[in-house]
Amino acid sequence: MRAVILAAGQGWRLGGGQEQPPKCLLSFDGQSLLERHLRALEGLGVDELHLGIGYRAGDIEREVARVDPVLPVRLVRNPHWREGNIVTLHTLREALLAGDDVLLMDADVLYHSDVLRTLVRSRHRNCFLLDRVFEAGDEPVKLCVAAGRLVEFGKHLPAGLAFDLCGESVGFFKLAPDMAGRLAVAAEGYLARGARDAFYEDALRDLLLEDPAPFGHEDVTDIPWIEIDFQEDIRRAEQEVMAHIRAREAA
């Protein structure tokens, strides 16, 4: 199994302009998000990490060297990182087409390693992670389930959509080799159509809605995690989420 992490963007919603470090280098309890990803992946026996970088790529390269992970890391630069992250996904297509199971991950998530462990150990070959507790609004990327099957994935839900359960997507996905390859082809299609401002989730949604049957989900509601998009998320991560992570680690 190989991991693919998207870490090319600037994270402009945090503010700070060019002085703002890449989000994966934000530090919590003395560890950057990137180091936390590396340690978690090493503990789960992942074979290799392909890391998509762009904004302040040299800073990320230096952090990988500082951490000196046992896990082999391939740094893949996206020179067009100012465009949609579908471009970064396309830059990482070699990893998606390699014929291995793939863990596809956003870089800007702080979490207890049990989140990732749940994904890796899931019986579902193609798996989403769902948290039932989330703030309403347009910001969370939502997953909807009807009769045990995923029926929608995105920030904006179609009017009249029927579902039994709705939760927030963590931003981590497990894909079987064939589905990872199909995602690479879907990303290529977006670029061919000139939709370079699209999000990679759009391509993943296309695959889900085309045929929901191969996909499943795991509920991680009780495991602490947070996506870092705004300054308020950093405050919550420092004051709330890290406390829950430490408590779970001590239990």
Side-chain angles (χ1 to χ4, degrees), residues 3-41 49-57 59-64 67 73 75-78 81-89 91-92 103-116 119 128-131 134-135 137-143 153-155 167-174 197-202 204 220 223-242 244-245:
V4 173
I5 298 182
L6 283 71
Q10 181 175 349
W12 57 269
R13 290 185 294 181
L14 286 175
Q18 294 292 322
E19 299 304 314
Q20 175 68 39
K23 286 196 287 183
C24 68
L25 299 189
L26 294 172
S27 182
F28 300 93
D29 272 13
Q31 276 190 316
S32 69
L33 292 180
L34 179 56
E35 181 174 0
R36 290 175 176 275
H37 292 319
L38 290 167
R39 300 308 184 206
L41 291 167
L49 167 62
H50 290 236
L51 183 62
I53 58 177
Y55 169 68
R56 293 181 61 165
D59 293 352
I60 297 176
E61 291 172 344
R62 285 186 286 273
E63 176 68 355
V64 172
V67 173
V73 178
L75 297 162
V76 183
R77 288 200 181 213
N78 171 18
W81 55 266
R82 292 178 178 83
E83 299 178 305
N85 61 22
I86 192 77
V87 180
T88 301
L89 183 66
T91 304
L92 292 159
L103 294 178
L104 178 61
M105 302 168 59
D106 289 333
D108 58 353
V109 182
L110 172 68
Y111 57 98
H112 188 280
S113 57
D114 283 348
V115 169
L116 205 54
L119 182 62
F128 289 67
L129 294 178
L130 177 151
D131 188 333
F134 67 100
E135 296 181 3
D138 291 338
E139 183 58 31
V141 178
K142 303 165 192 68
L143 277 170
F153 170 58
K155 289 189 175 185
E168 182 175 3
S169 170
V170 174
F172 296 166
F173 313 90
K174 182 174 71 171
D197 59 344
F199 297 100
Y200 80 87
E201 291 95 341
D202 297 332
L204 196 53
V220 294
I223 308 175
W225 73 280
I226 186 171
E227 182 181 12
I228 309 295
D229 283 325
F230 303 99
Q231 287 292 330
E232 174 62 18
D233 297 329
I234 294 178
R235 186 200 65 78
R236 283 189 57 209
E238 293 173 338
Q239 299 181 10
E240 301 173 28
V241 178
M242 275 308 310
H244 292 304
I245 290 175

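Here, residue 1 is the first one in the sequence, and each next residue gets the next number.
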Visitor: Would you say the side chain of Trp225 lies within less than 4.5 Å of the side chain of Leu129, judging by non-hydrogen atoms?
Guide: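 No. Closest side-chain heavy atoms not under 4.5 Å.
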
Visitor: Would you please name every residue forming a side-chain hydrogen bond (donor to acceptor under 3.5 Å, both in side chains) with Asn78, sequence neighbours left out?
Guide: Thr88

Visitor: Ile226 pairs by side-chain contact (heavy atoms from CB on, under 4.5 Å) with which of Asp233, Ile234, Ile245?
Guide: Asp233

Visitor: Rounded to the nearest 0.5 Å, how far does CG of Leu25 lie from OG of Ser32?
Guide: 6.0 Å

Visitor: Do the non-hydrogen side-chain atoms of Leu41 and Leu103 ever get within less than 4.5 Å of each other?
Guide: yes

Visitor: My understanding is that only one of Leu34, Ile53, Leu51, Asp108 makes a side-chain contact (heavy atoms from CB on, under 4.5 Å) with Cys24; could you say which?
Guide: Leu34

Visitor: For residues Val141 and Glu168, determine if any side-chain heavy atom of one lies less than 4.5 Å from a side-chain heavy atom of the other.
Guide: no

Visitor: State, to 0.1 Å, how close Asp131 and Val220 come at their nearest heavy-atom pair, and which atoms those are.
Guide: OD2-O, 4.5 Å

Visitor: Taking Arg236 as the fixed residue, which of Glu238, Glu232, Glu240 is the one that meets the salt bridge (Lys or Arg N to Asp or Glu O under 4.0 Å) rule?
Guide: Glu240

Visitor: Hey, are the side chains of Leu33 and Phe28 touching, using non-hydrogen atoms and a 4.5 Å cut-off?
Guide: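 Sidechains of Phe28 and Leu33: in contact.
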
Visitor: Which distance, rounded to the nearest 0.5 Å, do you find between the CZ of Phe134 and the CD of Glu139?
Guide: 12.5 Å

Visitor: If we only count heavy atoms from C-beta on, is the Asn85 to Glu201 side-chain gap below 4.5 Å?
Guide: yes

Visitor: For Gly167 versus Leu130, what's the shortest heavy-atom pair and its separation?
Guide: CA-CG, 3.9 Å

Visitor: Is the distance between the ring centroids of His37 and Tyr111 under 6.0 Å?
Guide: yes

Visitor: Does the side chain of Tyr200 reach to within under 4.5 Å of the side chain of Leu104, using non-hydrogen atoms?
Guide: yes

Visitor: For Gln231 and Leu14, indicate whether the former's side chain and the latter's backbone hold a donor-acceptor pair under 3.5 Å.
Guide: yes

Visitor: For a 4.5 angstrom cut-off between non-hydrogen side-chain atoms, does Gln20 reach Leu26?
Guide: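 In contact.
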
Visitor: Which heavy atom in Tyr55 sits nearest to a heavy atom in Gln10, and how many Å separate them?
Guide: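 The answer is CD2-CA, 3.5 Å.
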
Visitor: For residues Glu61 and Leu75, report the shortest heavy-atom separation together with the two atoms involved.
Guide: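 It is CG-CD1, 3.5 Å.
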
Visitor: What distance do Gln31 atom CD and Met242 atom CE have between them, rounded to the nearest 0.5 Å?
Guide: 8.0 Å

Visitor: Once you round to the nearest 0.5 Å, how far does CZ of Phe153 lie from OG of Ser169?
Guide: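 The distance works out to 4.5 Å.
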
Visitor: Return the CE to CD1 distance between Met105 and Ile5, rounded to the nearest 0.5 Å.
Guide: 4.5 Å

Visitor: Specify the closest pair of heavy atoms between Pro140 and Glu135, including all atoms of both residues, with the distance to one decimal.
Guide: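 So the minimum-distance heavy-atom pair works out to CG-O, 3.1 Å.
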
Visitor: In the structure I gave you, are the side-chain heavy atoms of Lys23 and Asp229 within less than 4.5 Å of one another anywhere?
Guide: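 Yes; the side chains approach each other to less than 4.5 Å.
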
